[in-house]
Amino acid sequence: QVQLVESGGGLVQPGGSLRLSCAAPGSIFSINAMGWYRQAPGKQRELVATITSGGSTNYADSLKGRFTISRDNAKNTVYLQMNSLKPEDTAVYYCYLNGRRVDRPAPLDYWGRGTQVTVSS
């Protein structure tokens, strides 16, 4: 059973920055994409950003310019640099992976447990 584990969350003041990271057990995957979603209390989970193994990115329109996704394919790791944070960014951030397990024929989606990001003065 695969589990992705996020790190880097915490408490930050408005206008501050955080960087999240997530390392996947790449030895059992052929990875197509990794990324981040978030969910605030009482709200739906929403896309933050994704990045393919080839480097193509997809962002929520409202977050372009503040958030940047990157990856290290050799380490099977994805990062999310979050700048100019606002209280509305407060949420649990979930790592996402789309890929094919080496013992299965088709790609599937996988999720981490989530890391809390709180933006407050």
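All residue numbers refer to positions in the sequence shown, counting from 1.
Distance check: W36 CH2 to M82 CE gives 8.0 Å after rounding to the nearest 0.5 Å. Rounded to the nearest 0.5 Å, atoms CG (L97) and CG (N32) are 8.5 Å apart. Remark: R104 CZ to S30 OG distance equals 14.5 Å, nearest 0.5 Å. Between the CG atom in L47 and the CG atom in N58 there is a gap of 5.5 Å [rounded to 0.5 Å]. Atoms CG and CD, from L20 and E6 in turn, are 8.5 Å apart once rounded to the nearest 0.5 Å. Expressed to the nearest 0.5 Å, how far CZ of F67 lies from OH of Y93 amounts to 4.0 Å.
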Which pairs of donor and acceptor atoms, one on a side chain in residues 114-121, lie under 3.5 Å apart (sequence neighbours left out)?
unit_1 : atom_1 : unit_2 : atom_2 : d
T115   : OG1    : G9     : N      : 3.4
Q116   : NE2    : A91    : O      : 3.4
Q116   : NE2    : T118   : OG1    : 3.4

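Taking all atoms of both residues into account, the shortest heavy-atom contact from A24 to I31 is CB-CD1, 4.4 Å. Minimum interatomic distance between N83 and S17 (heavy atoms only, all atoms of both residues): OD1-OG, 2.9 Å.
Residues V78 and T50 fail the side-chain proximity criterion, which asks for heavy atoms closer than 4.5 Å. Between D89 and R38 there is a side-chain heavy-atom pair separated by less than 4.5 Å. Annotation: side chain of P25 is in contact with side chain of L4 (closest heavy-atom distance under 4.5 Å). Using a 4.5 Å heavy-atom cutoff, the side chains of F29 and Y110 are in contact. Under the 4.5 Å side-chain criterion, counting only non-hydrogen atoms from C-beta, T68 is not in contact with L80. Under the 4.5 Å side-chain criterion, counting only non-hydrogen atoms from C-beta, C22 is not in contact with S7.
Side chain of R71 to main chain of S53: a donor-acceptor pair is present (N/O by atom type, distance under 3.5 Å, no hydrogens or angles).
Taking the ring centre of Y94 as origin, the terminal cationic atom of R45 falls inside the region bounded by 6.0 Å and 45° from the ring axis.
Between W111 and Y96, the gap from one ring centroid to the other is short of 6.0 Å.
Considering only residues two or more places apart in sequence or on other chains, D103 meets the side-chain contact (heavy atoms from CB on, under 4.5 Å) condition with R101. Residues satisfying the side chain to side chain donor-acceptor pair (under 3.5 Å) criterion with N76, sequence neighbours excluded, are absent altogether.
Hydrophobic cluster membership is shared by V12 and V48, with clusters built from Ile, Leu, Val, Met, Phe, Trp and Tyr side chains linked at under 4.5 angstrom. Under the 4.5 Å side-chain heavy-atom criterion for ILVMFWY residues, a single connected hydrophobic cluster contains both I51 and L108.
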Please report the C-alpha distance between T77 and D72 in whole Å, then the side-chain angles of each, then the deciding distance to 0.1 Å, and finally whether the side chain to side chain donor-acceptor pair (under 3.5 Å) criterion is met.
CA-CA 5 Å; T77 300; D72 183 338; over 6 Å; no
